[in-house]
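The block underneath contains the structure these notes are about, expressed in structure tokens.
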Amino acid sequence: MPSRQEVSYFGAGPAPLPSSVVEAGANAFVNFNDAGLGLGEISHRSPTANKILNDAKANLSALLDIPDNYEILFMQAGGSGEFSAVVQNLVPVWIERRRRKAETDVKKAQPDAEQAEVDELVFQRLQKEIDEELKLDYLVTGSWSLKASQEASRLIGSKYVNVALDARKANNGKFGTIPAEDSWSLTPTKKEGGKGSAFVYFCDNETVDGVEFQQFPKSLEAQGQDAEDERLVVADMSSNFISRKVDVSKYAVIFVRRFNLSALWDTLTIYTGRRSKEHRCHRYHYCHRSQGPPPSPHRDSSPCSPPPVEHWRSPGPIVLDYATIAKNNSLYNTLPIFNLWIAGQVMADLMAEFSAQKVSGQEEVANKKAQLIYGALDKFPQVYQVVPDASVRSRMNICFRVSGGDDAKEKEFIAGAEKRLLQGLKGHRSVGGMRASNYNAVPLENVQKLVQYLEDFATAQ
């Protein structure tokens, strides 16, 4: 029976955690701080749980220099839940901006009109604008962004979803590249002569396809000081979070799940997003105009007022409502405190290890490990073929084929790796091949073992 130290695990998810955190977690699960209870047993509203939550927020804010005008929320439902949540929460921001502008215009044009008449004119204008102008932009560069765009279409209709980029069209029907930005068909902003989309969505790192954005897209940069003309950028950073420095201020929403952070699959999602008055009032838009406010849910969640639009006839799930979760300090429903503690320990350890460098220190390590693996693969092109284009290679999920995808050779490769206790190298079932996931907790020495095996296997062919 091998020890934990002998196994080199490269699985994409669930993924490895630092051994020190796992060992501390084992004790915390049984008896946390000699309290006689484990972290899986204590109340999520206890002082202990609140300290764990606040410490995790503080460490994450410090690691990524998160601006003060951003909320950090700890939620559930995983990445797939966030595909729905961003639609539920950000479409109303677009609507609220349009409603405010419409109300201002109507009152200016008809200063003596009664409020009921103003409301009706605003309602009619919004109905028309939603029907003709509402768009959600998606950059589809892999399996997860594709699923996100499909969920948006399911929720509000494909008419409103603009796939501004489908990378498969430039790569023989397969993911593996990101075409030049001048080929993207983003909804034009007001400055560009258009009306602007509700948001632009992209997955920063595609775990299945091994594709990663190398930097923030220039076409999504702020175009000026006019907030009404700003593109709201949403990024799924589930698999490369805290592996490199990020300018959080460029994003309206970033969400992540477990890979580099926590222990239990999809039971903790971290969201960080910009606070705004539109976000605070957004539930207003998810009730049918003629129905009036729905029953007010329990605890501290605001009831809706009669809305100006009727495209969404009922509120979305309240556990995915950013405003409600923020108002309740992520404790609207039962938070998995043990999982949150694990994430907090990972972040605290990064802060302790890299100090002033913060996440940039981990970025250097991640880059070095990725370079070693890609270097070994590129050294033997007759044996290994890296799947994505060199310009978009993921540092976290390194996807490659053996002998052009020859089934027998790939089985031989996996069998040889297993003998050396190199585990988790099989690619995603939807694409096959190999995948070496280089998450933060994969030690440099484990990468060096993999590199040695890559060289030994290739020279033996």
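By convention here, the first residue in the shown sequence is residue 1.
The side-chain hydrogen bond (donor to acceptor under 3.5 Å, both in side chains) check on D137 picks up N162, T187, S197, with sequence neighbours excluded. In terms of the ring pair (Phe, Tyr, Trp, His ring centres under 6.0 Å) criterion, residue partners of F213 (sequence neighbours excluded) are, by chain and number, F202. Residues forming a side-chain hydrogen bond (donor to acceptor under 3.5 Å, both in side chains) with K128 (at least two apart in sequence, or on another chain): E132. Partners of S143 according to the side-chain hydrogen bond (donor to acceptor under 3.5 Å, both in side chains) rule, which considers only residues two or more places apart in sequence or in another chain, are D209. Residues passing the side-chain hydrogen bond (donor to acceptor under 3.5 Å, both in side chains) test with K107: none are found, sequence neighbours excluded.
Of the candidates R98, K135, K195, E129 forms a salt bridge (charged side-chain N to carboxylate O under 4.0 Å, His left out) with just one, namely R98.
Residue pairs satisfying the ring-ring contact (aromatic ring centres under 6.0 Å, His included) criterion with at least one member in residues 230-258, sequence neighbours excluded, are listed as follows: F216-Y251. Residue pairs satisfying the salt bridge (charged side-chain N to carboxylate O under 4.0 Å, His left out) criterion with at least one member in residues 172-187, sequence neighbours excluded, are absent. Residue pairs that meet the salt bridge (charged side-chain N to carboxylate O under 4.0 Å, His left out) test with at least one member in residues 332-346, sequence neighbours left out, do not exist here. Every pair passing ring-ring contact (aromatic ring centres under 6.0 Å, His included) that includes a residue from residues 137-157 is listed here, sequence neighbours excluded: Y138-F199, Y138-Y201.
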Distance-only donor-acceptor pairs under 3.5 Å for side chains of residues 232-240, two or more places apart:
residue, atom, partner, partner atom, Å
D236, OD1, S238, N, 2.9
D236, OD1, S238, OG, 2.7
S238, OG, R257, N, 3.3
S239, OG, N205, O, 3.2
S239, OG, N205, ND2, 2.8
N240, ND2, D204, OD2, 2.9
N240, ND2, E212, OE2, 2.9

Residues 431-438, side-chain donor-acceptor partners within the protein, below 3.5 Å, at least two apart:
residue, atom, partner, partner atom, Å
R435, NH1, T207, O, 2.8
S437, OG, N397, ND2, 2.9
N438, OD1, K369, NZ, 3.2
N438, ND2, A366, O, 3.3
N438, ND2, R395, O, 2.9

Under 3.5 Å, which donor-acceptor pairs do the side chains of residues 346-356 form with other protein atoms, sequence neighbours left out?
none

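Side-chain contact check for S145 and E206: at least one donor-acceptor pair (N or O, by modelled atom type) lies under 3.5 Å. Between N367 and Q371, the side chains place no donor N or O within less than 3.5 Å of an acceptor N or O (distance only, hydrogens not considered).
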